[in-house]
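Heads up, the thing below is written out as structure tokens.
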Amino acid sequence: MGLYYDLHTHSTASDGTLPPGELVRCAVQAGVDVLALTDHDTTAGIGVAAEAAQGTRVGLVAGVEVSVTWRGRVIHIVGLHVDPACAELQQGLCEIRNFRAWRAEEIGRRLQKEGIPGAYEGAKAYACGAIIGRTHFARYLVERGYARDLREVFKRYLVRNKPGHVPGQWARLEQALAWIHGAGGLAVIAHPARYGLNPARLRELLGAFAECGGVGLEVVSGSHSRDDYYTMARYARQFDLLASSGSDYHGPDNPWIELGRLPGLPPGCTPIWYSDRWPLTVESPPRFIA
Ligand code: AMP
Ligand code: MN
Ligand code: MN
Ligand code: MN
């Protein structure tokens with residue numbers, strides 16, 4: 001049997017619901033061998049997660065999911081095996097978090113105008129002192145009965161052309177990759193099928209990403225369909241990118257994505273953990289979709 005990899009997960013350090021130590025304990029339970037904690041724009045959970053992983057079956061990969069604006073769209077870039085002590089990375093993430101903090105207040109103001117009071121305070125309470133994301137607003141709005149579930153809140157309030165949407169500039173693609181590389185990490189495009197890019201635009205993104213030294217494409221993601229796995233596997237091969245696999249787990253209350261329940265990579269992909277820059281030993285070949 002191959003090792004079980006889940007290279008995209010969240011904790012309470014961003015918009016996950018499990019504290020980092022708890023997430024690691026769940027990964028142990030779920031039979032994960034290699035877990036990357038990739039919180040949005042922060043590495044604050046890595047220390048606790050690494051400690052919790054000590055002496056367990058889980059090898060912890062220090063990661064981060066960087067918010068990027070590319071051609072007017074938000075794209076997420078996962079950095080794997082980043083050194084959290086890297087000043088350049090931390091400086092960059094700090095700038096993004098400053099934008100995030102302002103955006104949260106602005107979302108609150110816009111929702112207030114829409115007749116939804118207290119959303120900023122509500123989201124802040126859900127964030128428990130960590131950075132505030134749209135997911136925290138969504139949880140509060142569900143709690144207050146403005147929508148049935150998180151998806152509905154996003155659709156009705158938090159996406160483009162909806163009242164709580166706040167446009168803005170996240171990191172530039174080149175910047176995000178420079179931070180990740182400065183921290184010794186490998187850069188991966190997260191959930192590429194989620195951006196609604198047409199094939200020409202996706203090719204453009206993959207080209208620009210590879211040009212900046214990006215090496216990975218998340219072929220298997222909790223938010224991809226089976227068709228997406230195969231489509232993205234083809235793109236990975238065409239652009240000579242290594243394939244990554246991650247659930248994008250946000251906690252047990254998010255029923256459609258489970259920790260450590262990913263199918264193997266489609267045949268013909270080179271897994272990112274086969275990279276000669278991947279620090280952990282690979283003991284056996286990857287599993288394939290049956
Ligand atoms: P933010 O980075 O604060 O703009 O929030 C992005 C996060 O919102 C993503 O990482 C997801 O966790 C969550 N998200 C985005 N779209 C949806 C959706 N349609 N339903 C539920 N959660 C979503
Ligand atoms: Mn999230
Ligand atoms: Mn993402
Ligand atoms: Mn994510």
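Just follow the structure's listing: the first ligand is 1, and inside any ligand the first atom is 1.
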Original post:
With atoms numbered from 1 as shown, which atoms in ligand 1 lie under 4.0 angstrom from a non-hydrogen atom of Thr135?
Top reply: 7 (C), 8 (O), 12 (O), 13 (C)
**OP:** With 2.8 Å as the limit, jot down which protein N, O or S atoms are around the Mn ion (ligand 3).
**Re:** Glu65 OE2, His76 ND1, His191 NE2
Subject >> Within-shell test, Glu65 vs ligand 1, heavy atom, strictly < 4.0 Å >> reply: no
**OP:** Provide the number and element of each atom of ligand 1 under 4.0 Å from a heavy atom of Asp15.
**Re:** 7 (C), 10 (O), 12 (O)
Subject >> Distance-minimising heavy-atom pair for Trp102 and Arg109 >> reply: NE1-NH2, 3.8 Å
Original post:
Can you check whether His224 and His191 have ring centres sitting under 6.0 Å from each other?
Top reply: no
**OP:** Give a yes or no on whether a salt bridge exists between Lys124 and Glu121, defined as a side-chain N under 4.0 angstrom from a carboxylate O.
**Re:** no
Original post:
Arg100: heavy atom below 4.0 Å from ligand 1, yes or no?
Top reply: yes
**OP:** Would you please classify the geometry between the His250 ring and the His40 ring as parallel, tilted or perpendicular, with 30° and 60° separating the classes?
**Re:** tilted
Original post:
Hey, is CG on Asp240 packed in by over 12 heavy atoms from elsewhere, all under 6.0 Å?
Top reply: no
Original post:
When you measure from atom 5 (O) of ligand 1 to every protein heavy atom, which one gives the shortest distance, and what is it?
Top reply: Arg134 NE, 3.6 Å
**OP:** Output yes when Arg201 and Glu204 qualify as a salt bridge under the 4.0 Å nitrogen-oxygen rule, no when they do not.
**Re:** yes
Original post:
Under 4.0 Å from any heavy atom of Arg103, which atoms of ligand 1 are there?
Top reply: 1 (P), 3 (O), 4 (O)
Subject >> N or O pair under 3.5 Å between Arg194 and ligand 1 >> reply: no
**OP:** Identify, by atom number and element, the atoms of ligand 1 in contact range of Gly133, meaning under 4.0 Å from any of its heavy atoms.
**Re:** 3 (O)
Subject >> Modelled atom types, side-chain donor and acceptor of Ser11 and Glu22, under 3.5 Å >> reply: no
Original post:
Given Trp256, Phe154, Trp170, which has its nearest heavy atom closest to atom 14 (N) of ligand 1?
Top reply: Phe154
**OP:** Kindly confirm or rule out a cation-pi arrangement of Arg151 over Trp256, judged by NZ or CZ under 6.0 Å from the six-membered ring centre and within 45° of its axis?
**Re:** yes
Original post:
Can you check whether Ser67 has an N/O within less than 3.5 Å of an N/O in ligand 1?
Top reply: no
Original post:
Under 3.5 Å between some N or O of ligand 1 and some N or O of His40?
Top reply: yes
Subject >> Residue pairs passing the salt bridge (Lys or Arg N to Asp or Glu O under 4.0 Å) test where at least one lies in residues 183-199, sequence neighbours excluded >> reply: Arg194-Asp248
Original post:
More than 12 non-hydrogen atoms from neighbouring residues, nucleotides or ligands closer than 6.0 Å to CD on Gln169, yes or no?
Top reply: yes
Subject >> ligand 1 atoms in contact with His250 (distance to a heavy atom under 4.0 Å) >> reply: 10 (O), 12 (O)
Original post:
Should Arg110 and Glu106 count as an ion pair when the cut-off is N to O under 4.0 Å?
Top reply: yes
**OP:** Assess the side chains of Asp228 and Ser225: does a donor N or O sit below 3.5 Å from an acceptor N or O?
**Re:** yes
